[in-house]
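Here, residue 1 is the first one in the sequence, and each next residue gets the next number.
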Amino acid sequence: MSAVPDVVVLRKARGAFFTPPDVARFIAGWAIRTPGDRVLEPSCGDAAVLRAAADRLAELGGDRHEARLHGVEMHGPSAEEARLRLASSAVGGAAEIRIADFFTLDPDPRFDAVIGNPPYIRYQDFSGEQRARSRAAALRAGVALSRLASSWAAFTVHSALFLRPGGRLGLVLPAELLTVNYAAGVRSFLMEHFSGVRLVVFEERVFPGVQEEVVLLLADGYSPGPGGGTDHCELVQARNAADLAADLAATIWRPAGAASKWTASVLQPAGLDAYRDAVAAPGFAELEDWGQTTLGMVTGNNRYFALSPQRVTELGLRRSDLIPISPPGSRHLRQLSFTAAARRQLGQDGAATWLLRPGCPSPAAAAYIAAGEAGGVHLAYKCKVRSPWWRVPCLDPADILLTYMNADTPMLCANQAGAHHLNSVHGIYLDPGLRQLGRQLLPLAALNSVTMLGAEIVGRAYGGGILKLEPREADRLPVPSPALVSERARRLAAVRGRVIRLLRGGRLGEAARAVDDVLFADSGLISGAALAEVRNARIGLAARRSARGRESRS
């Protein structure tokens, strides 16, 4: 019986990306150590990984007639193909392949190794009963996953529950493991239940035609109970899958906490050490030490509520119907300050610098509100859940505006215009005692190499190579301390004009170096050699992010 053609679109829909042979051989070689090892592949596809496992068992002298290989696959034609491929292998003839949804199986902790390439389905497409089963499976292990979790997260945790004590977990996972907030529980689980955690990261794309960057998780010494974990990871950097055949050295890396992001794990040890030493010095603080970072106002329909001066005139709206805003987006905030003159110029150029927010609507505003209802604006979710629907919840103007979707680096921009901000940017409300100093100099002082590297570490990379910084992540952004900024205030003020000119010329790196010279020269905070390591580390992380963005557009 011939199998139904498993076209690329259908495989992608169920998150199936078949594993390159070099990767399959490497994982099998690491995980399988004796001819008696019992091996499970919980999403075996057409047996790319199990075939490598069969070859490894044969190499170790395994018995063809012993059922040491076990696979689970929910796609029937792929499962049949797996059986056929294994039947011709040296020790795979007795392999057991089960057609099932892995999340419906109760844990059976009898395997020495669980290996494979879990399905990768983003949360937008991972819904319904399958999502509910996956979350229940992860919760069985004590890991509560948010609704943002993609399929691989629950798969990783559930797979570990099939290991005997001392067993090994070898999986191909998205690099999201290192960077996303929803994987915090998975990271904690791994470090709490395995005595050794090794990560293999790649400089180049491993799966041809697939955008996602991957990491190999090699977790050894499983302990179902507490007390068997580790406080560090071993990190191996490989150029590509073919590079796995080489004898690659591992470095030790200790995250700040088990659940903390592991983004910094891809840094070279010298860059990571230099960064950690710098942010631990008295001259650095976290952004939350300066004040509070908040989300911007959510209108529910920016096209309707955010208005240009020309549109305000056409509608006949009064000043009492409006509040001044920083226009949607953040391109105009890639500078040290946002002034009233800059806002006026944006308005003259057609940007939306006003927000409809009447207290008691004027006749013109009432007419515009009626037109909005006729057009269904009031039916949008954010409008529907507030009363009246046309009154956007208002925030006071922030002291500083923070860009949070960035192609290069997040920018702090003093809000000299006193404009309100929408949710395309964040607002920083400085502590009263730091307001004057912060408004004048924090945006300038934050434009340094240590802070820029910190943004790459605490933020997250999104499709297109964009670096995103949520308020909780911004709170942890390392920035110069109030004491250091106050001490260097005159020097910072003296270099301000030069930095502004460099930013206008698109020379971000030179601008950061100018600030570095002011903050760190003769300060004892960081040596010249260590600062060079920090710069190189930031360039490396940003280059990886940008490369992923180019790949996603190709």
Side-chain angles (χ1 to χ4, degrees), residues 283-294 296 326 329-343 397-421 424-455 458-459 467 469 471 473-520 538:
F284 266 85
E286 293 186 338
L287 185 57
E288 66 178 351
D289 294 320
W290 282 87
Q292 181 182 9
T293 302
T294 70
S326 170
S330 62
R331 183 175 299 178
H332 59 286
L333 300 177
R334 308 209 67 80
Q335 53 188 326
L336 298 182
S337 62
F338 179 51
T339 64
R343 181 177 164 274
D399 296 302
I400 294 173
L401 302 177
L402 170 64
T403 64
Y404 83 104
M405 297 288 280
N406 305 277
D408 42 33
T409 195
M411 293 287 295
L412 279 69
C413 181
N415 184 18
Q416 294 181 6
H420 299 262
H421 65 287
S424 53
V425 298
H426 300 326
I428 301 173
Y429 295 85
L430 297 168
D431 291 344
L434 300 174
R435 187 162 292 148
Q436 182 176 355
L437 178 68
R439 283 174 171 172
Q440 291 177 351
L441 294 176
L442 180 57
L444 176 61
L447 193 65
N448 67 81
S449 297
V450 175
T451 297
M452 289 168 66
L453 175 55
V458 303
L467 178 64
L469 204 64
E473 295 160 348
D475 284 342
R476 299 192 300 275
L477 183 68
V479 294
S481 69
L484 177 61
V485 174
S486 180
E487 177 196 335
R488 302 280 160 143
R490 287 188 178 181
R491 299 188 203 180
L492 285 167
V495 80
R496 181 185 184 89
R498 180 184 171 207
V499 170
I500 289 173
R501 291 190 295 273
L502 289 170
L503 290 176
R504 287 175 178 168
R507 296 153 72 181
L508 176 65
E510 290 182 53
R513 282 176 176 268
V515 177
D516 289 347
D517 289 342
V518 169
L519 290 177
F520 305 134
R538 185 260 165 184

**Request:** Rounded to the nearest 0.5 Å, what's the gap from OG1 on Thr294 to CG on Leu402? Could you check?
**Result:** 10.0 Å

**Message:** Considering only residues two or more places apart or on different chains, which pairs with a residue in residues 426-445 satisfy ring pair (Phe, Tyr, Trp, His ring centres under 6.0 Å)?
**Reply:** Tyr404-His426

**Prompt:** Any side-chain heavy atom of Val499 within less than 4.5 Å of one from Arg496?
**Reply:** no

**Request:** Take Leu492 and Leu519 through the test side-chain contact (heavy atoms from CB on, under 4.5 Å) and record every step on the way to the result.
**Result:** CA-CA 8 Å; Leu492 285 167; Leu519 290 177; 4.2 Å; yes

**Reported CG-to-CG distance for the pair Leu412 and Leu441, which is rounded to 0.5 angstrom** = 12.5 Å

**Complete:** So CG of Asp517 and CG of Asn448: to nearest 0.5 Å the spacing works out to 11.5 Å

**Item:** Arg334, CZ atom: more than 12 neighbouring heavy atoms under 6.0 Å
**Value:** yes

**Request:** Taking the side chain as every heavy atom from C-beta outward, state whether Trp290 and Ile428 have any atom pair closer than 4.5 Å.
**Result:** no

**Asked** Does some side-chain heavy atom of Asp289 sit less than 4.5 Å from a side-chain heavy atom of Phe284?
**Response** no

**Asked** Any side-chain heavy-atom pair from Ser326 and Asn415 closer than 4.5 angstrom?
**Response** no

**Prompt:** Would you find a donor on one side and an acceptor on the other, under 3.5 Å apart, between the side chain of Asp516 and the backbone of Ser449?
**Reply:** yes

**Request:** State the CZ-CE distance between Arg331 and Met405, to the nearest 0.5 angstrom.
**Result:** 13.5 Å

**Prompt:** What closest approach, in Å, do Pro480 and Ala446 show between heavy atoms, and which atom pair accounts for it?
**Reply:** CD-CA, 4.2 Å

**Item:** Atom of Thr403, atom of Met411 and distance for their closest heavy-atom approach
**Value:** OG1-N, 2.9 Å

**Prompt:** Does some side-chain heavy atom of Leu447 sit less than 4.5 Å from a side-chain heavy atom of Leu508?
**Reply:** yes

**Request:** Without swapping roles, check the side chain of Thr451 against the backbone of Pro478 for a donor-acceptor pair under 3.5 Å.
**Result:** yes

**Asked** If every non-hydrogen atom of Val518 is compared with every non-hydrogen atom of Arg488, which pair is closest and at what distance?
**Response** O-NH1, 2.9 Å

**Request:** Answer whether the closest heavy-atom distance between the side chains of Leu442 and Leu430 falls below 4.5 Å.
**Result:** yes

**Asked** Taking all atoms of both residues into account, what is the closest heavy-atom pair of Asp408 and Arg538, and its distance?
**Response** O-NH2, 3.3 Å

**Spatial distance of atom CD (Gln335) from atom CG (Leu401) [nearest 0.5 Å]** = 10.5 Å

**Complete:** Here the pair of heavy atoms bringing Val495 nearest to Ala514 is CG2-CB, 4.1 Å

**Request:** Hey, could you give me the CG/CG distance between Leu444 and Leu503, rounded to the nearest 0.5 Å?
**Result:** 9.0 Å

**Prompt:** Closest approach of Ser330 and Ser424, non-hydrogen atoms and distance?
**Reply:** CB-O, 4.5 Å

